[in-house]
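So the structure is just underneath, and the comments pick up after that.
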Amino acid sequence: MHKVKADQAADDLGEAVQQIKGVGPYTAAVIASHASRDPAAFGIDVWNRKILARRLLDAHDAAPEAVTRRLNQLFPGRAGTAGLYFVEHEYLNVPVAPLLDPDGIDAWNEALERPAP
C-alpha cells in the first residue's frame with residue numbers, strides 16, 4: 001500500500017467529484033476544501049475572484065488562474081485558507097445581506113449589554 005500526500009488526495013478528490021454530472025471545478029474545490037479540510041483548496045467563483053483580484057492584484061477583476069497563482073505565491077500550501085479569510089473579511093465589513101439595519105446596531109449592542117431582567 002502506498003501513501004498518498006494530502007495535496008494529491010485533495011486533487012484526486014476534486015477530479016473524482018467532477019465526474020458527477022453538473023459538478024465543475026468550483027464545486028469540486030469547495031468539496032475538497034470542506035470534505036478533506038485541504039488548506040490549499042479554494043473555490044473561485046466570480047465574486048470571490050473579484051474580491052481577491054482587488055486585494056491581491058490591485059485590479060477590479062482578473063482571470064481565475066491569475067488569482068490562484070497569486071494566492072499560491074503568497075501562501076504556499078495554505079492558499080485556500082488565505083482565500084477564505086480574505087473573502088470572509090470582505091463580507092464582515094460589507095455583508096451581502098446585513099442582519100441588521102446599520103442604524104439599529106447601537107440599540108442591538110446596548111440590548112445585549114443590558115439584558116432585561
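The figures here come from the full heavy-atom set of this structure, side chains too, leaving out hydrogens, waters and symmetry mates.
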Straight-line distance of L92 CG to Y85 OH, nearest 0.5 Å:
12.0 Å

Is R54 close to E90 at the side-chain level, that is, under 4.5 Å between some pair of heavy atoms?
yes

Intermediate values then yes/no, side-chain contact (heavy atoms from CB on, under 4.5 Å), R69 and N72:
CA-CA 5 Å; R69 185 173 40 257; N72 284 309; 6.0 Å; no

Would you check if the side chain of R49 reaches a backbone N or O of A62 as a donor-acceptor pair within less than 3.5 Å?
yes

Smallest heavy-atom separation, V17 atom then A28 atom, equals CG1-CA, 4.3 Å

What's the verdict on side-chain contact (heavy atoms from CB on, under 4.5 Å) for D45 and N48, showing C-alpha distance, side-chain angles and the deciding distance?
CA-CA 5 Å; D45 63 9; N48 294 347; 3.1 Å; yes

List the steps and the verdict of side-chain contact (heavy atoms from CB on, under 4.5 Å) for Y91 and I51.
CA-CA 10 Å; Y91 288 131; I51 290 168; 3.8 Å; yes

I would like to know whether F42 and T68 meet side-chain contact (heavy atoms from CB on, under 4.5 Å); could you show each step before the answer?
CA-CA 9 Å; F42 184 68; T68 301; over 6 Å; no

State the CD1-CG distance between I44 and L71, to the nearest 0.5 angstrom.
6.0 Å

Please name the pair of heavy atoms, one in A29 and one in A41, separated by the smallest distance, quoted to 0.1 Å.
O-CB, 3.9 Å

